[in-house]
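Hydrogens, waters and symmetry mates are skipped; everything else that's a heavy atom, side chains included, is used. Every chain is numbered from 1 and lettered A, B, ... according to where its sequence line falls, protein lines coming before strand lines.
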Number of protein chains: 2
Amino acid sequence: MNNIPQISDAEWEVMKVLWSKSPSSANEVIEALEDQTDWKPKTIRTLLNRLVQKQAISYSQEGKVYAYFPLVSEDECVRSETASFLKRIYGGAFKPLLVNFLKEEKLSPEEIKELKNILDDKSK
Amino acid sequence: MNNIPQISDAEWEVMKVLWSKSPSSANEVIEALEDQTDWKPKTIRTLLNRLVQKQAISYSQEGKVYAYFPLVSEDECVRSETASFLKRIYGGAFKPLLVNFLKEEKLSPEEIKELKNILDDKSK
DNA sequence: ATTAATTGATTACACATGTAATACAATATT
DNA sequence: AATATTGTATTACATGTGTAATCAATTAAT
């Protein structure tokens, strides 16, 4: 059931809008993306159409316009993308990614503390 | 200088071979990938050519065959891919990825310890 | 009612990618 | 020398993606 479709970079931006607020009309999505991108409205409509075809989203006729909503949850997609990314780059092993990134990422003391708390929980 | 070229999924497999042993002839790469993939030799040669065009690898004429070698390091590429992945999926924030994954990944006690050590170092 | 504006559907087009096959040139074999 | 083999270069072709424009239908305005 939960076959997550391939979602491209540009499509992902559209998904983020719908995950944050749905249902949304095409115009609402277009408006939401106006700041972050300089895509023409037609471009965004194309992306919406492709996402419908991929069954990542769907819509219902609300009055005269379509009201789009996601068919897949952000969580599922993030998990799926992350898994395939890990597989691709790190051969599926999570730890090397962590080590690699912990070493160079700037994390605030609070964040470090939070992460340590999570680790503490896990070791119980 | 360090403009990392876009490396596709299939190309990445070829890069991994060259990172693990270079220089390698086309045939050596083909052989190395025989187990992991069912790509035809011609396919792998295409990938090698594309990587040369992208300036991800280069070659020198060794005797009668080309000896391919990477022009970009694995570390650079991993970092670059990871950064763009993070940007795409997590809006560039590293912590949510960590939190998300720490929660569901199975890590051995040793791994947890190692990660905590890294975190300890960082908080100094 | 005719025209303009809006929204959704269809079409476009270049470049990337997966996945090779064919052409060509140099070398090895008979 | 003619031919077969092998390695490289060029070409192929479908699908995905970025980035829209045009077409068509419906609604709004005059």
Side-chain angles (χ1 to χ4, degrees), chain A residues 3-18 23-34 36-69 77 80-81 84-85 87-89, chain B residues 3-18 23-34 36-69 77 80-81 84-85 87-89:
Chain A
N3 267 357
I4 306 298
Q6 274 318 104
I7 295 172
S8 80
D9 280 26
E11 288 160 4
W12 195 269
E13 295 306 312
V14 172
M15 291 305 291
K16 280 202 261 197
V17 172
L18 290 179
S24 297
S25 70
N27 274 338
E28 286 170 323
V29 175
I30 288 166
E31 223 175 295
L33 288 171
E34 225 158 47
Q36 309 145 55
T37 74
D38 46 359
W39 294 337
K40 300 284 185 300
K42 301 284 185 180
T43 300
I44 296 173
R45 281 171 191 281
T46 297
L47 295 173
L48 283 167
N49 279 332
R50 288 185 182 163
L51 286 167
V52 169
Q53 278 172 11
K54 290 181 178 186
Q55 298 186 289
I57 69 179
S58 187
Y59 58 83
S60 60
Q61 189 102 28
E62 283 300 320
K64 67 198 63 171
V65 294
Y66 286 1
Y68 293 92
F69 54 88
C77 289
S80 157
E81 290 287 321
S84 81
F85 167 76
K87 180 153 184 255
R88 180 167 123 78
I89 304 300
Chain B
N3 266 356
I4 306 298
Q6 274 317 106
I7 295 173
S8 79
D9 280 26
E11 288 160 3
W12 195 269
E13 295 306 311
V14 172
M15 291 306 291
K16 281 202 260 196
V17 172
L18 290 179
S24 298
S25 69
N27 275 337
E28 287 171 323
V29 175
I30 288 166
E31 223 174 296
L33 287 172
E34 226 158 46
Q36 308 144 57
T37 73
D38 46 359
W39 293 336
K40 301 285 184 298
K42 301 284 184 182
T43 301
I44 296 172
R45 282 171 190 280
T46 298
L47 295 173
L48 283 167
N49 278 333
R50 286 186 183 163
L51 286 167
V52 169
Q53 278 173 13
K54 291 181 177 186
Q55 299 187 288
I57 68 179
S58 186
Y59 58 84
S60 61
Q61 189 102 28
E62 285 299 323
K64 66 197 63 169
V65 294
Y66 286 2
Y68 293 93
F69 54 87
C77 288
S80 155
E81 288 287 321
S84 81
F85 167 76
K87 182 154 181 253
R88 179 167 123 78
I89 303 302

Output the rounded distance in Å from [atom1] ([X]) to [atom2] ([N]).
| X | N | atom1 | atom2 | result |
| --- | --- | --- | --- | --- |
| Leu51(A) | dG8(C) | CG | C1' | 16 Å |
| Glu13(B) | dT19(C) | CD | P | 11 Å |
| Asp38(B) | dG18(C) | CG | C1' | 12 Å |
| Leu48(B) | dT10(D) | CG | C1' | 16 Å |
| Leu47(A) | dT17(D) | CG | P | 11 Å |
| Gln53(A) | dA9(C) | CD | C1' | 10 Å |
| Gln61(B) | dA26(C) | CD | P | 11 Å |
| Trp12(B) | dA16(C) | CH2 | P | 18 Å |

Between [X] and [N], is there a contact of a side-chain N or O with OP1 or OP2 at under 4.0 Å?
| X | N | answer |
| --- | --- | --- |
| Lys40(A) | dT19(D) | no |
| Tyr59(B) | dT8(D) | no |
| Lys64(B) | dT8(D) | no |

Please confirm whether the backbone N or O of Leu33(B) pairs with a side-chain atom of Trp39(B), one donor and one acceptor, at under 3.5 Å?
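Judged by distance alone, no pair lies under 3.5 Å.
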
Just wondering, do Arg45(A) and Ile30(A) contact through their side chains at under 4.5 Å, heavy atoms?
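When only atoms from C-beta onward are counted, Arg45(A) and Ile30(A) do touch, with a gap below 4.5 Å.
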
Is the closest side-chain heavy-atom distance between Phe85(A) and Ile89(B) below 4.5 Å?
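No, side chains not in contact.
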
Scan [X] against the nucleic acid and name what it touches under 4.0 Å (heavy atoms): base, sugar-phosphate only, or nothing.
| X | value |
| --- | --- |
| Asp9(A) | sugar-phosphate |
| Asn27(B) | sugar-phosphate |
| Ser8(B) | sugar-phosphate |

Given [options], which nucleotide is nearest the side-chain atoms of [X]?
| X | options | result |
| --- | --- | --- |
| Asn49(B) | dT19(D), dT19(C), dT10(D) | dT10(D) |
| Trp39(B) | dT19(D), dT7(C), dT19(C) | dT19(C) |
| Arg45(B) | dT8(D), dA20(C), dG8(C) | dT8(D) |

From Gln36(A) atom CD to Lys16(A) atom NZ, the distance as rounded to the nearest 0.5 Å:
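Spacing of CD (Gln36(A)) from NZ (Lys16(A)) equals 8.0 Å.
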
In Å and rounded to the nearest 0.5 Å, what is the CD to CD1 distance from Glu34(A) to Ile44(A)?
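If we round to the nearest 0.5 Å, Glu34(A):CD and Ile44(A):CD1 are 7.5 Å apart.
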
Assign each of Lys42(A) and Ile7(A) to its nearest nucleotide of DNA chain D by heavy atoms, then name whichever residue's nucleotide is nearer the 5' end.
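The residue closer to the strand's 5' end, by nearest nucleotide, is Ile7(A).
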
Is there a donor and acceptor pair closer than 3.5 Å between the side chain of Arg50(A) and the base of dT19(D)?
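Result: at least one qualifying N/O pair found.
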
